[in-house]
A.B. asks: 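The structure is given below, and queries will be raised subsequently.
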Amino acid sequence: MPIDAWLWPVLLGVLGLVLGSFIATVTIRWPEERSALRGRSACDGCGKSLTARELVPVASFLLQRGRCRGCGAPIHPSHFVTELAGMGIGIAAGLAMPGIGGIAGAVFGWLLLTLAALDLAAFWLPNVLTGALAALGLATGLLGIAPPIDVRLIGGIGGYAALAVVAAGYRLARGRQGLGGGDPKLFGAIGCWLGWQALPLVLLAAALIGIAAVLGFMMGGRKVTGTDRLPFGVMLAAAAFTVWIGQALTSQPAPTEIAGTTQFVTELR
């Protein structure tokens, strides 16, 4: 890989750290109807305003051993995990597709991370975020990044319709809600990024992640029943970004070093 190509995962990884910290704040404040853009960051326990050195992503958490310097209260691990996830998304996108495509993929991943974090914390997929995800997916298609815009449009409409039908059928058959109202919208927004052909794979991967989570709960001694709620948006988000990484890797051209070696051997002959 050329040296300049390594700059993309580094830059996107650093940006992901910063955005991961912001996403963690959004996850805490938004469900409580507090603005994430107003007011200084403060300890969730004692309310003490945090200094600049206490706001360095990941490093502050590790140096403070996961506790507030003022009151000693534990810092919620979601901050640390979300910051690492934001960095990981940036690095993965930069490695999979250096350039404008990697930037688009990172934005896709960070929006999915925000939605997943909100769904995990509050079983909530805000319309404004799923709408923004869908709009940016279509805009990316208009920029000429694969898949083409018509495939994305079909994916958006088909993705939403598919889960909306499943949700309606489950409600009629069981007399209760099986899918949240935000899940079909999120699936449609994912279709606006990945195209309709990728949606069956995303759904399969999300289902497998859900099964793995349930098995993990059961192995940990937690009793799981048919009425327990699971944040399906988290599973859809994880599956969607994984599928995007796969698409990005398979769409890359063969390395120039290999082509050059082939030409050199041919000339020798």
Side-chain angles (χ1 to χ4, degrees), residues 9 12-13 16-17 19-20 22-24 26-27 77-97 102 104-126 129-130 132-134 136-137 140 155-156 159-160 162-163 166-167 178-180 182-220 222 224 228-250:
L12 290 175
L17 270 177
L19 289 176
F22 176 72
I23 291 169
V26 168
T27 304
S78 63
H79 289 276
F80 181 70
V81 172
T82 307
E83 289 165 0
L84 283 180
M87 179 181 68
I89 287 168
I91 293 173
L95 287 173
M97 187 176 286
V107 170
F108 179 48
W110 292 326
L111 280 171
L112 287 172
L113 176 61
T114 308
L115 285 159
L118 286 168
D119 199 26
L120 186 62
F123 289 99
W124 183 39
L125 297 170
L129 279 185
T130 52
L133 184 67
L136 287 173
T140 302
Y160 173 78
L163 281 196
V166 170
L179 280 176
D183 294 323
K185 298 171 187 176
L186 174 57
F187 198 45
I190 290 169
C192 291
W193 278 89
L194 303 180
W196 65 268
Q197 297 101 324
L199 292 182
L201 182 58
V202 171
L203 196 57
L204 174 61
L208 292 175
I209 293 171
I211 293 171
V214 170
L215 290 176
F217 291 147
M218 295 174 66
M219 291 175 65
R222 175 177 168 181
V224 180
D228 287 344
R229 297 177 66 189
L230 289 176
F232 192 52
V234 176
M235 301 155 203
L236 285 175
F241 189 68
T242 302
V243 170
W244 179 86
I245 291 292
Q247 287 184 338
L249 290 174
T250 56

A.B. asks: So which atom in Ala239 and which in Ala205 form the shortest heavy-atom distance, rounded to 0.1 Å?
C.D. replies: CB-CB, 3.6 Å
A.B. asks: Tell me, please, which residues at least two apart from Phe241 pass ring-ring contact (aromatic ring centres under 6.0 Å, His included).
C.D. replies: Trp244
A.B. asks: What's the shortest heavy-atom distance between Thr27 and Ala121, and which atoms?
C.D. replies: CG2-CB, 3.7 Å
A.B. asks: Taking all non-hydrogen atoms of both residues, which atom of Leu113 and which atom of Ala85 are closest, and how far apart?
C.D. replies: CD1-CB, 3.9 Å
A.B. asks: Can you check side-chain contact (heavy atoms from CB on, under 4.5 Å) on Leu199 and Leu194, steps first, answer last?
C.D. replies: CA-CA 7 Å; Leu199 292 182; Leu194 303 180; 5.5 Å; no
A.B. asks: Does any pair with a residue in residues 182-202 pass side chain to side chain donor-acceptor pair (under 3.5 Å), and if so which ones, sequence neighbours excluded?
C.D. replies: Asn127-Lys185
A.B. asks: I need the minimum non-hydrogen distance between Leu136 and Leu111, along with the two atoms involved.
C.D. replies: CD1-CD1, 3.6 Å
A.B. asks: Which value, rounded to the nearest 0.5 Å, describes the distance between Leu112 atom CG and Ile190 atom CD1?
C.D. replies: 5.5 Å
A.B. asks: At what distance, to the nearest 0.5 angstrom, does OG1 of Thr114 lie from CD1 of Ile23?
C.D. replies: 3.5 Å
A.B. asks: Considering residues at least two apart in sequence or located in another chain, which fulfil the ring-ring contact (aromatic ring centres under 6.0 Å, His included) criterion with Tyr160?
C.D. replies: none
A.B. asks: Listed by chain and number, what are the side-chain contact (heavy atoms from CB on, under 4.5 Å) partners of Ala167, not counting sequence neighbours?
C.D. replies: Leu179
A.B. asks: Taking ring-ring contact (aromatic ring centres under 6.0 Å, His included) as the test, write out the residues that go with Trp124, two or more places apart.
C.D. replies: Trp30
A.B. asks: Considering non-hydrogen atoms only, spot the tightest contact between Phe232 and Leu163 and give its length.
C.D. replies: CE2-CD1, 4.3 Å
A.B. asks: As an exercise, state the distance from CD1 of Ile209 to CG of Leu204, rounded to the nearest 0.5 Å.
C.D. replies: 10.0 Å
A.B. asks: So which atom in Ser78 and which in Ala24 form the shortest heavy-atom distance, rounded to 0.1 Å?
C.D. replies: O-CB, 4.4 Å
A.B. asks: Between atom CE of Met235 and atom CG of Leu186, what is the distance when rounded to the nearest 0.5 Å?
C.D. replies: 12.0 Å
A.B. asks: Run the side-chain contact (heavy atoms from CB on, under 4.5 Å) test against Leu120 and tell me which residues pass, sequence neighbours left out.
C.D. replies: Pro231, Val234
A.B. asks: Ignoring hydrogens and angles, tell me if any N or O in the side chain of Thr82 forms a donor-acceptor pair with the backbone of His79 under 3.5 Å.
C.D. replies: no
